[in-house]
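Below is one structure, written out as structure tokens, with a few remarks after it.
Predicted, not measured: the structure shown is a model, and the values here were computed from it. Below, each value reflects all heavy atoms present in this structure, side chains not excepted, and no hydrogens, waters or symmetry copies.
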Amino acid sequence: MSQGKSILCVGNTVIDFVTISQSYPKEDTDRRCLDGFWQRGGNASNVCTVLRALGSKVDFFGMLSKSVAFRALIEDLRKREIGTNHCPETEKDPPFSSIILAQDSGTRTIIHCNKNYPEPTFEDFSKIDLSQYGWVHFEARNPKEVSKMIQSIREHNKKTSQKITISLDFETRYDQNLELCQPCDIVVFSKELAAQKGWESARETVEGLAADISGNGEKPVIICPWGSQGAVCLDATGDFHNIAAYKPEKIVDTLGAGDTFMAGLIYASFVDQRCLTDAMDFANWVAGHKISDYGYDHITKIIETSSRKLPTNL
Ligand code: FRU
């Protein structure tokens, strides 16, 4: 396995304050937690973390901050060798999330505070030499600027035989971000957003999204991870597949499980050149392992110790 070109992940990096509680707290009570920690979070930022844990070359592109609070995030990016060249900087404090992990139910509850943090512009993005990347992954946000970024990759692809694959993580603001889907190669849609749309199953979700994506003929591959039920997709020819989940013995930390799935999918598709359904199976496997322990560092261990680097059970 060799990785020629690098991967670029575009989106947010935030501070996650994680509280581990026996159960989800009752409102207006005063209680002690079991433990807690903070870590660098944010969807694209987590995808970078997991891609590095899997051994990929990866860069992050998003708004960095000069604030004291952000220094720890920069240090963590450096320590993990996640490239940040070309990231714009602001003086503003970074976004943060307050997260409760409830041990009895295995849930993670996120309250995110964005504080109108500035977003990178297409002008910032246009300074990047795209020829160093083989895959660019976007968070669905900031559609005005991100659609221009995606379009510039499509233009780049017209001029080269070494095409960049474009993926999109679609988790929020359906109506605003829908336009970002059509020009991408792969869209991963979240179960939570499906619930907001009133879609009750993974199949209804991928078919509902496919019907809403306009455009003449060309549609992206649409994937929807559905927790313990596994992940489904509509492939490039519109065929439906359902790939089973891997359940760990104990669910410890589900924070970032979706981002881990995304990173596993990119790694298996791009670095290991697997077909779509094999890549989804690998993504399920890494996500299943991620939730068996806190944070992301233990992901490195499965790759180092597993005799079965990629799934064989399809
Ligand atoms: C997990 C996550 C957290 C972050 C939140 C942002 O998917 O990226 O790390 O706090 O979502 O919405």
Side-chain angles (χ1 to χ4, degrees), residues 6-18 37-90 92-99 108 110-120 124-125 128 133 135-142 145-146 149 166-172 177 188 190 253-267 270 283 286-287 290-291 294-300:
S6 193
I7 299 163
L8 179 67
C9 297
V10 181
N12 236 355
T13 181
V14 316
I15 308 179
D16 282 349
F17 296 103
V18 183
F37 58 94
W38 70 267
Q39 65 189 3
R40 179 172 47 79
N43 295 359
S45 160
N46 290 337
V47 174
C48 288
T49 304
V50 178
L51 279 168
R52 280 300 297 137
L54 294 172
S56 311
K57 284 191 279 181
V58 61
D59 290 342
F60 171 76
F61 178 76
M63 186 60 73
L64 304 185
S65 162
K66 289 186 180 136
S67 89
V68 176
F70 202 83
R71 272 187 214 152
L73 303 192
I74 300 266
E75 266 316 299
D76 190 70
L77 286 160
R78 269 200 203 123
K79 189 182 85 188
R80 292 173 197 269
E81 298 177 345
I82 296 167
T84 55
N85 285 345
H86 305 296
C87 287
E89 268 189 333
T90 173
K92 295 206 170 171
D93 284 336
F96 67 89
S97 296
S98 306
I99 294 142
R108 96 296 179 244
I110 305 174
I111 303 184
H112 184 61
C113 178
N114 182 276
K115 304 201 281 185
N116 287 328
Y117 193 64
E119 299 278 357
D124 300 318
F125 185 82
I128 298 173
Y133 299 109
W135 190 297
V136 181
H137 171 67
F138 290 92
E139 270 179 43
R141 57 187 306 120
N142 186 21
E145 299 300 313
V146 167
M149 298 178 199
I166 309 168
S167 58
L168 183 76
D169 170 21
F170 195 174
E171 285 196 8
T172 52
N177 289 324
V188 176
S190 82
D253 173 10
T254 53
L255 177 66
D259 304 330
T260 304
F261 176 91
M262 192 72 237
L265 184 80
I266 297 173
Y267 177 86
F270 177 61
V286 184
K290 185 261 148 328
I291 65 177
Y294 296 108
Y296 304 96
D297 288 339
H298 57 294
I299 292 171
T300 317

Interatomic distance, [X] atom [atom1] to [Y] atom [atom2] [nearest 0.5 angstrom]:
| X | Y | atom1 | atom2 | result |
| --- | --- | --- | --- | --- |
| N116 | K92 | CG | NZ | 6.5 Å |
| I111 | I99 | CD1 | CD1 | 10.0 Å |
| F61 | T13 | CZ | OG1 | 14.0 Å |
| I299 | T49 | CD1 | OG1 | 9.0 Å |

Under a 4.5 Å cut-off applied to non-hydrogen side-chain atoms, are [X] and [Y] in contact?
| X | Y | value |
| --- | --- | --- |
| Y296 | H298 | no |
| R80 | D297 | yes |
| I128 | L8 | yes |
| V18 | W38 | no |
| P95 | H112 | yes |
| V47 | H137 | yes |
| P94 | S67 | yes |

Is there a donor-acceptor contact under 3.5 Å linking the side chains of N43 and E171? yes

Hey, mind stepping through V14 and F96 against side chain to side chain contact (heavy atoms under 4.5 Å, CB included) and telling me if it holds? CA-CA 5 Å; V14 316; F96 67 89; 5.7 Å; no

Under the criterion side chain to side chain contact (heavy atoms under 4.5 Å, CB included), I'd like the reasoning laid out for E139 against N12: C-alpha separation, chi angles, the key distance, then a yes or no. CA-CA 8 Å; E139 270 179 43; N12 236 355; 3.8 Å; yes

Would you call K290-D259 a salt bridge at under 4.0 Å N-O? no

Is any NZ, NE, NH1 or NH2 atom of the basic residue among D76 and R71 found under 4.0 Å from an Asp or Glu carboxylate oxygen of the other? no

When F125 is tested against each of E145, M149, H86 for side chain to side chain contact (heavy atoms under 4.5 Å, CB included), which residue passes? M149

Run the side chain to side chain contact (heavy atoms under 4.5 Å, CB included) check on I7 and I266 step by step: do they pass? CA-CA 9 Å; I7 299 163; I266 297 173; 3.8 Å; yes

Does the side chain to side chain contact (heavy atoms under 4.5 Å, CB included) test come out yes or no for R40 and I15, once each step is laid out? CA-CA 5 Å; R40 179 172 47 79; I15 308 179; over 6 Å; no

